[in-house]
Protein chains: 2
Amino acid sequence: MLTHAAEDYLKSIYKLQEKVGKVSTGILAEYLNVKPASATGMIKKLKTMQLVKHERYQGVTLTDAGKAIALEIIRHHRLLELYLFKALGVPWDGVHEEAEKLEHVISEDVEARMDEFLGYPTADPHGAPIPDKNGVVIKRMSIPMTDLCSGQSCVVAEVSDTDSALLRHLGSFNLYPGTAFRVIEVAPFEGPFTIDIAGQQVVIGREVAKHIFVDDVKE
Amino acid sequence: MLTHAAEDYLKSIYKLQEKVGKVSTGILAEYLNVKPASATGMIKKLKTMQLVKHERYQGVTLTDAGKAIALEIIRHHRLLELYLFKALGVPWDGVHEEAEKLEHVISEDVEARMDEFLGYPTADPHGAPIPDKNGVVIKRMSIPMTDLCSGQSCVVAEVSDTDSALLRHLGSFNLYPGTAFRVIEVAPFEGPFTIDIAGQQVVIGREVAKHIFVDDVKE
DNA sequence: AAATTAATTTAGGCATACCTAAATTATATA
DNA sequence: TATATAATTTAGGTATGCCTAAATTAATTT
């Protein structure tokens, strides 16, 4: 079996691969809050296990085996988040941290039971897709909120899950995945967004908007 | 914060203290499936943290601080067992192993939510008492089934939780905590027990009976 | 009491996974 | 192209927690 650290590396490589494309040692180390030298060491270990491909100074890529494990961990994480949220009422700004610890120790059996309880869901409380048992991920075609213009309507698809304070902030406006809103005004010079959520007028700063992804954009 | 290993040592010392009284290095090592030398090492570490008292060759005792941590871990374990059993339908012969991993990573917040969901229970699926938030344990006055004589009636109070095969065996007779039965016959020369459970006649071997503790004994 | 046996502790090693500091390699600039 | 800068890797060190083997201490037997 893999160590927790190895699982975290695989998960992080997968996520960075999605976001940035090429995954360098430095980017990976920064993401995991370790030094580049530590990342190099783990990459070497994962390479001997045939879970990653790596050429010196050229970054890492997951092998099929590595990707399968990464998706399994991500599935654990997101199912746990949703379970904690729905079954135990843990606030959505707390589920990430909790799931981060549980994802490495939960059994496939318990996971299957949570999955059944939740009705085989496809997204976690932040809107991120939950890979199925075979590692198949259904990708949504969402765009960053910062791409919206005045007058456009849309639905929140996903928000980033790591910043607890941000999530509390969004929660105070009811800005959850599935929530519809309309852009009233985009302030010039990279300014904030004024939006309408269920009749309420709310101002969302640009830095915050970067962490919100939307769907179903209409004029 | 303590390591998982340190938590396991404290928990084991507590349990052995209950069962055997004096806890020697050798007993502790055997219980934890490590070598005596390893136990000595951890005992030293726990001593510097003032969680145990230890005189060379004289065995270990928990300090109040150590006992508090031991009871906290035991509370985690038993609440998790009951939660997995009741909320997710994990069979009672599987909850111990699962809880063994989760007990070290579950937060106080999630634990409190499980506790509420379960209605502040006082016993786990095997009948073991769940310490409350302040580490108070309500002890039951149960006796081993092997002390019973022909004709006596009783109620199952507790069964040992570590042997999964034993639990499946007991489950097949509906021999859960709370189940009442009457001893029909005790075979001589340390032989098996024949009992009546809800009209069904069942034979329980002496080795199995040693792991069953009963309450409410009547003639 | 002496000798044997058993329990415990010390000493020295291994693996994991992190660190810092130095060396190396690649890339960008002059 | 030579040099400066940035990224990466190597080398060597720390802490945890396990191991084996040897030394010590305690308990039992003769």
Side-chain angles (χ1 to χ4, degrees), chain A residues 1-17 19-62 66 69-70 73 100-101 103-105, chain B residues 1-17 19-62 66 69-70 73 100-101 103-105:
Chain A
M1 253 311 266
L2 288 180
T3 60
H4 297 181
E7 290 181 345
D8 278 337
Y9 273 89
L10 292 173
K11 186 178 69 163
S12 302
I13 294 166
Y14 179 86
K15 286 190 175 181
L16 290 170
Q17 223 165 21
K19 214 199 303 189
V20 203
K22 192 182 147 194
V23 181
S24 67
T25 306
I27 290 280
L28 180 60
E30 192 192 1
Y31 189 80
L32 283 162
N33 290 310
V34 299
K35 300 299 164 194
S38 305
T40 298
M42 181 58 88
I43 288 166
K44 275 185 163 178
K45 210 165 298 167
L46 294 172
K47 193 179 178 180
T48 68
M49 293 187 259
Q50 314 227 48
L51 298 173
V52 300
K53 287 192 266 283
H54 182 238
E55 295 297 322
R56 301 162 91 249
Y57 296 93
Q58 295 309 122
V60 240
T61 322
L62 294 174
I69 295 170
I73 304 298
E100 204 68 20
K101 298 175 296 180
E103 65 187 12
H104 302 293
V105 297
Chain B
M1 254 309 268
L2 287 180
T3 61
H4 297 181
E7 289 181 346
D8 279 335
Y9 273 89
L10 291 173
K11 186 178 69 163
S12 303
I13 294 165
Y14 179 85
K15 286 190 174 181
L16 289 170
Q17 223 165 19
K19 212 199 303 189
V20 204
K22 191 183 148 193
V23 181
S24 68
T25 306
I27 291 279
L28 180 59
E30 191 193 0
Y31 188 80
L32 282 163
N33 291 309
V34 298
K35 302 297 161 194
S38 305
T40 298
M42 181 59 87
I43 288 166
K44 275 186 162 180
K45 208 163 301 166
L46 293 171
K47 193 179 179 182
T48 68
M49 294 188 260
Q50 315 225 50
L51 297 173
V52 300
K53 289 192 264 285
H54 182 238
E55 296 295 322
R56 302 162 89 251
Y57 297 93
Q58 294 309 123
V60 240
T61 322
L62 294 174
I69 293 170
I73 304 297
E100 204 68 19
K101 298 174 299 180
E103 66 189 9
H104 302 293
V105 298

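Throughout, protein chains are lettered first and strands after them, A, B, ... in sequence-line order, and every chain is numbered starting at 1. Side chains included, hydrogens not; waters and symmetry mates left out as well; all remaining heavy atoms used.
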> How would you list, by chain and number, every residue that makes a salt bridge (charged side-chain N to carboxylate O under 4.0 Å, His left out) with Lys53(B), sequence neighbours excluded?
Replying inline: none
Pair up each side-chain donor or acceptor in residues 25-44 of chain B with any protein partner under 3.5 Å, not counting sequence neighbours, and list the distances.
unit_1, atom_1, unit_2, atom_2, d
Thr40(B), OG1, Pro36(B), O, 3.2

Identify every side-chain donor-acceptor pair in residues 7-14 of chain B under 3.5 Å, counting partners at least two apart or on other chains, and give the distances.
unit_1, atom_1, unit_2, atom_2, d
Glu7(B), OE1, His104(B), ND1, 2.6
Asp8(B), OD1, His104(B), NE2, 3.0
Lys11(B), NZ, Glu100(B), OE2, 2.8
Lys11(B), NZ, Glu103(B), OE1, 3.3
Lys11(B), NZ, Glu103(B), OE2, 2.7
Ser12(B), OG, Asp8(B), O, 2.8

> Tell me, do Lys47(A) and Val60(A) make a side-chain contact under 4.5 Å, heavy atoms counted?
Replying inline: no
> Which distance, rounded to the nearest 0.5 Å, do you find between the CD1 of Ile73(B) and the CG of Leu2(B)?
Replying inline: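 Separation between the atoms: 7.5 Å.
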> Whole-Å distance between dA7(C) C1' and Tyr31(B) OH?
Replying inline: 21 Å
> Rounded to whole angstrom units, what separation is found between the CG atom of Leu28(B) and the P atom of dA7(C)?
Replying inline: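 Result: 15 Å.
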Provide a list of protein-nucleic acid N or O atom pairs under 3.5 angstrom, restricted to nucleotides 12-17 of chain C.
unit_1, atom_1, unit_2, atom_2, d
dA17(C), OP1, Thr3(A), OG1, 2.3

>> Each nucleotide in nucleotides 7-14 of chain D should get exactly one letter: B, S or -. Can you fill that in based on protein heavy atoms under 4.0 Å?
In response: -BBB----
> Looking only at heavy atoms, which two atoms of Lys101(B) and Val105(A) are closest? And how far apart?
Replying inline: NZ-O, 3.1 Å
